[in-house]
There are 2 protein chains.
Amino acid sequence: MNTGDDGPAGAGERSPGVPERLLAAATRLFAERGYERTSVQEVVDAAGVTKGAMYHYYASKDDLLYAIYQRLLTLQARRLADFAAAEGPIADRVRAAAADLVHTTVDNLDDAVIFFRSMHTLSADRQAAVRKERRRYHECFRGMIEEGQRAGVFRADVPADVAATQYFGAVHHIGRWYHPGGELSGPALGAYFADLLLAGLRPD
Amino acid sequence: MNTGDDGPAGAGERSPGVPERLLAAATRLFAERGYERTSVQEVVDAAGVTKGAMYHYYASKDDLLYAIYQRLLTLQARRLADFAAAEGPIADRVRAAAADLVHTTVDNLDDAVIFFRSMHTLSADRQAAVRKERRRYHECFRGMIEEGQRAGVFRADVPADVAATQYFGAVHHIGRWYHPGGELSGPALGAYFADLLLAGLRPD
DNA sequence: GCCACCCGACCGACCGCGCGGTATGCCTAT
DNA sequence: ATAGGCATACCGCGCGGTCGGTCGGGTGGC
């Protein structure tokens, strides 16, 4: 009934709807100027609505930020589940998951920038929820590396936890320097990153 | 006679001095709560002075933040110069520089956290100055990797730029998860990180 | 040796502004 | 008639920054 329909003045165009437009505007502005330096007024102006509309759909500015976190967490969790359930040699699966993480990060650069810059502005309980979800992601990835260590295809003299943390750090940092449209595409970067990870884990 | 002497003009170094206390308090609070969520009043309260004192030594809150950046940049530049001027096999020098970067980061965790979280709050020209300094650091490190590639001790099928960027990202992220006093010491973490970097760069 | 003077260090009360958030009501579709 | 979707006007607060004033010790003239 109301899923595909949108409000104002006929359904002639596929207009994204007010909540989605607010979320998109907030994502762009938060990534560009930072959460604290972006006023609610600027967000609603960019979305073409007023504060009344925003506070109709979101309880607070913090709520808007949390919606961005939820969107990225949901996406990551879904992708991770796919790779965890896949079959094949463990080294290939780790490589695919590592490259895909880079690919996904490049495709959602704004989210990635916001994620690691504005975590401390979330309320304590929401921050804990985000950390919990991230921890699940981390432990699943680490588990794949440990599986490779047990199988003997990865070196075991470096803790899987350290290797996973190092790689995640590098990926999280992508949002700080990567510019889409440059000479390095997302998949190409993912291939390089995954290659360096796998080579680093190769036994002597 | 001069043991009781304190103050900025004296040679005695007993008391840290008001500017230093302000910088230390700001560093701790900015790292803990974030720059925007820390008021000037909180900083001066933690330093045991008043706003008048702070604005006597620092032109603005932004100026206080920039002082933190300058301190870290100076430290990093000095250390890198030492490793660049050192002698010995290039692989050993890269390993030493990589491990030292981790060590230094762990020893200045608050600075590291602030560095990559609050860059966007600096004024445009100061942000450019910081980026320029960081770029010099990056290019020096990249140059060492390229030297190893030319010497044949590092693989050349991955750009040195990508390898350096990946490593720096991992190091920058340390401030988000590392807790001093845990079971993993700074030097131990540095050894693991450098080991993974060197192994990733090892030729087939 | 003493006083008049001065200057930097620092205090604390104050200001204007822009922020996040709210109350209320109109408009349209059902 | 009713209810949700959204606009408009408004509020109180806490922020970064300012400014006149105080205090103490160094300095030069006599």
Side-chain angles (χ1 to χ4, degrees), chain A residues 1-13 15-26 29-30 32-68 118 120-123 126, chain B residues 1-12 14-26 29-30 32-68 118 120-123 126:
Chain A
M1 225 25 113
N2 53 1
T3 47
D5 189 37
D6 41 22
E13 300 182 13
S15 106
V18 171
E20 289 76 18
R21 263 159 49 208
L22 281 164
L23 198 63
L29 290 172
F30 289 171
E32 186 179 319
R33 314 183 194 177
Y35 174 79
E36 322 259 13
R37 299 182 81 85
T38 304
S39 69
V40 173
Q41 191 63 51
E42 289 173 326
V43 172
V44 299
D45 285 350
V49 292
T50 62
K51 287 212 276 187
M54 191 227 133
Y55 281 97
H56 181 73
Y57 291 107
Y58 299 96
S60 63
K61 190 187 177 188
D62 182 86
D63 206 40
L64 193 55
L65 178 63
Y66 187 57
I68 297 174
S118 304
H120 61 288
T121 71
L122 286 173
S123 63
R126 284 176 166 177
Chain B
M1 269 314 167
N2 54 2
T3 49
D5 183 23
D6 49 14
R14 280 282 169 192
S15 100
V18 170
E20 289 76 16
R21 264 158 50 207
L22 280 165
L23 199 62
L29 289 172
F30 289 172
E32 186 179 319
R33 314 182 193 177
Y35 174 79
E36 321 261 11
R37 301 183 80 84
T38 303
S39 68
V40 172
Q41 191 61 52
E42 289 172 326
V43 172
V44 298
D45 284 351
V49 292
T50 62
K51 286 213 273 187
M54 191 231 134
Y55 281 96
H56 181 73
Y57 291 107
Y58 299 96
S60 62
K61 190 187 177 187
D62 182 87
D63 205 39
L64 192 56
L65 178 64
Y66 187 56
I68 297 174
S118 304
H120 61 288
T121 71
L122 285 173
S123 64
R126 285 178 165 176

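By convention in this document, chain letters (A, B, ...) are assigned in the order of the sequence lines, proteins followed by strands, and residues within each chain are numbered from 1.
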Side chain to side chain contact (heavy atoms under 4.5 Å, CB included) between Tyr35(B) and Lys61(B), worked out: CA-CA 9 Å; Tyr35(B) 174 79; Lys61(B) 190 187 177 187; 3.3 Å; yes
Sugar-phosphate only, base, or nothing, as touched by Thr50(A) at under 4.0 Å among non-hydrogen atoms: base
Please give, in whole Å, the distance from [N] [atom2] to [X] [atom1]?
X        : N       : atom1 : atom2 : result
Asp62(A) : dG21(C) : CG    : C1'   : 13 Å
Arg37(A) : dG16(D) : CZ    : C1'   : 12 Å
Asp45(A) : dC19(C) : CG    : P     : 11 Å
Gln41(B) : dC14(C) : CD    : C1'   : 13 Å
Arg33(B) : dG14(D) : CZ    : P     : 15 Å
Tyr57(A) : dT22(C) : OH    : P     : 18 Å
Glu36(A) : dC15(D) : CD    : P     : 12 Å
Tyr58(A) : dC6(D)  : OH    : P     : 12 Å

Position toward the 5' end of DNA chain C (nearest nucleotide), Gly52(A) or Ser39(A): Ser39(A)
Proximity to the side chain of Tyr55(B) - top-ranked nucleotide from dT18(D), dG21(C), dC15(D): dT18(D)
Flag side-chain contact, heavy atom, 4.5 Å: Lys51(B) against Gln41(B): yes
Donor-acceptor pair present, Lys51(B) side chain and dG12(C) base, under 3.5 Å: no
Polar side-chain contact Lys61(B)-dG17(D) base: donor and acceptor under 3.5 Å: no
Test item: Tyr57(A) side-chain N/O and Glu20(A) main-chain N/O as donor-acceptor pair under 3.5 Å: no
Expected output: side-chain Ser118(B) to main-chain Thr121(B) donor-acceptor under 3.5 Å: no
Distance below 4.0 Å between His56(A) side-chain N/O and dG5(D) OP1 or OP2: yes
For the student: nearest non-hydrogen atoms of Tyr58(A) and Asp63(A), plus distance: CA-OD2, 3.8 Å
